[in-house]
Amino acid sequence: MKMSDLFEGRIATWSNLISLLRVVVSPVVGILLYYEKATADTVYCSIAVTVYVLIALSDIVDGYLARYLHQVSRIGQFLDPIADKLTIFILSLILYIFKGFPLWLVIVIVVRDIGHIAAGAILFCTHDIQVRPSNAGKCMIFILGMTGFIYIINLSYSVMGISVKHIFVALTTALIVLSTVVHWNIYSKIYFTSKSVSSK
């Protein structure tokens, strides 16, 4: 399968536009948090929270629109997860700079996503297969989104003496490990099964 095959069918769809906008709008959160820090005006943080939530909701909306408007396309299925990963990276980096989000977790997320993109590209180019997100992966994205939300509003609440931030960072880390194991199990089964069949 060639990468050019991605561009077969409709490209300019509402769902694809929303995926791109999600990436483009993400830096706005950083600009707002910068002004909050520079002016000590919490209004900027409130607007940043609103933009953050809209970005998260857009990930649900674009998939719904693609199915409702019958605009599911190869490029859309390929673009959406990449847009998600770019958005997560941008927002995680912004939260690290302005809200104390752990740098090590940003690095873990980046390494994980680079591995997934590389494996997905290999399977697509060699086997014409686009791997769908697993339930573990979807759960991880949700908890990661909640973790980012907790950091952006700077929630200082504790449970049994343990910070909510630390609890959600631990949950995110555990789900990153779980979803990575699940995905790589899927990738390896597809790759090696196809390889063994083709060699017979």
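In this chain, numbering begins with 1 at the start of the sequence shown.
In terms of the side-chain hydrogen bond (donor to acceptor under 3.5 Å, both in side chains) criterion, residue partners of Thr172 (sequence neighbours excluded) are, by chain and number, Thr147. For the salt bridge (charged side-chain N to carboxylate O under 4.0 Å, His left out) test, residues two or more places apart in sequence or in another chain that qualify with Lys99 are Glu36. Residues that satisfy the ring-ring contact (aromatic ring centres under 6.0 Å, His included) test with Phe98, not counting sequence neighbours, are absent from this structure. Remark: Val53 pairs with Val49, Leu57, Phe149 by the side chain to side chain contact (heavy atoms under 4.5 Å, CB included) rule, at least two apart or across chains. Every residue two or more places apart in sequence or in another chain that forms a ring-ring contact (aromatic ring centres under 6.0 Å, His included) with Tyr44 is listed here: Tyr35.
Residues Ser19 and Ala83 approach most closely at O-CB, 3.5 Å, considering heavy atoms. Closest heavy-atom contact between Gly148 and Tyr52: CA-OH, 3.3 Å.
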Pairs under 3.5 angstrom only: tabulate donor-acceptor contacts from the side chains of residues 109-120 to other protein residues two or more places apart or in another chain.
unit_1, atom_1, unit_2, atom_2, d
Arg112, NE, Ser179, OG, 3.4
Arg112, NH2, Ser179, OG, 3.3
His116, ND1, Tyr187, OH, 3.4

Please tabulate, for side-chain N and O atoms in residues 153-171, each donor-acceptor pair with protein atoms closer than 3.5 Å (sequence neighbours left out).
unit_1, atom_1, unit_2, atom_2, d
Asn154, OD1, Lys165, NZ, 2.6
Ser163, OG, Lys165, N, 3.1

Which atom pairs, one a donor and one an acceptor, fall under 3.5 Å between side chains of residues 21-34 and the rest of the protein, sequence neighbours left out?
unit_1, atom_1, unit_2, atom_2, d
Arg22, NE, Asp84, OD1, 3.3
Arg22, NH1, Ser58, O, 3.4
Arg22, NH1, Ser58, OG, 3.4
Arg22, NH1, Asp62, OD2, 3.1
Arg22, NH2, Asp62, OD2, 3.2
Arg22, NH2, Asp80, OD1, 2.9
Arg22, NH2, Asp84, OD1, 2.8
Ser26, OG, Arg22, O, 2.7

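Annotation: the span from Ser92 atom OG to Ile97 atom CD1 amounts to 11.0 Å, rounded to 0.5 Å. The distance from the CD1 atom of Ile18 to the CD1 atom of Ile55 is 13.0 Å, given to the nearest 0.5 Å. Atom CD1 of Ile94 and atom CZ of Phe101 lie 12.0 Å apart (nearest 0.5 Å). With rounding to the nearest 0.5 angstrom, the CD1 atom of Ile82 is 11.5 Å from the OG1 atom of Thr87.
For residues 167-188, there are no salt bridge (Lys or Arg N to Asp or Glu O under 4.0 Å) pairs, not counting sequence neighbours. The list of salt bridge (Lys or Arg N to Asp or Glu O under 4.0 Å) pairs with a residue in residues 142-163, not counting sequence neighbours, is empty. Within the structure, salt bridge (Lys or Arg N to Asp or Glu O under 4.0 Å) pairs that include any residue of residues 139-148 do not occur (at least two apart or interchain).
Test Leu103, Ile176, Thr173, Val177 against Val108 for side-chain contact (heavy atoms from CB on, under 4.5 Å) and you get one pass: Ile176. Considering Leu91, Val106, Ile107 as possible partners of Tyr96, the one that fulfils the side-chain contact (heavy atoms from CB on, under 4.5 Å) test is Val106.
Ile141 is listed as a side-chain neighbour of Ile88, based on a closest heavy-atom distance under 4.5 Å.
Hydrophobic clustering (side-chain heavy atoms under 4.5 Å, transitive across Ile, Leu, Val, Met, Phe, Trp, Tyr) keeps Leu20 apart from Leu54.
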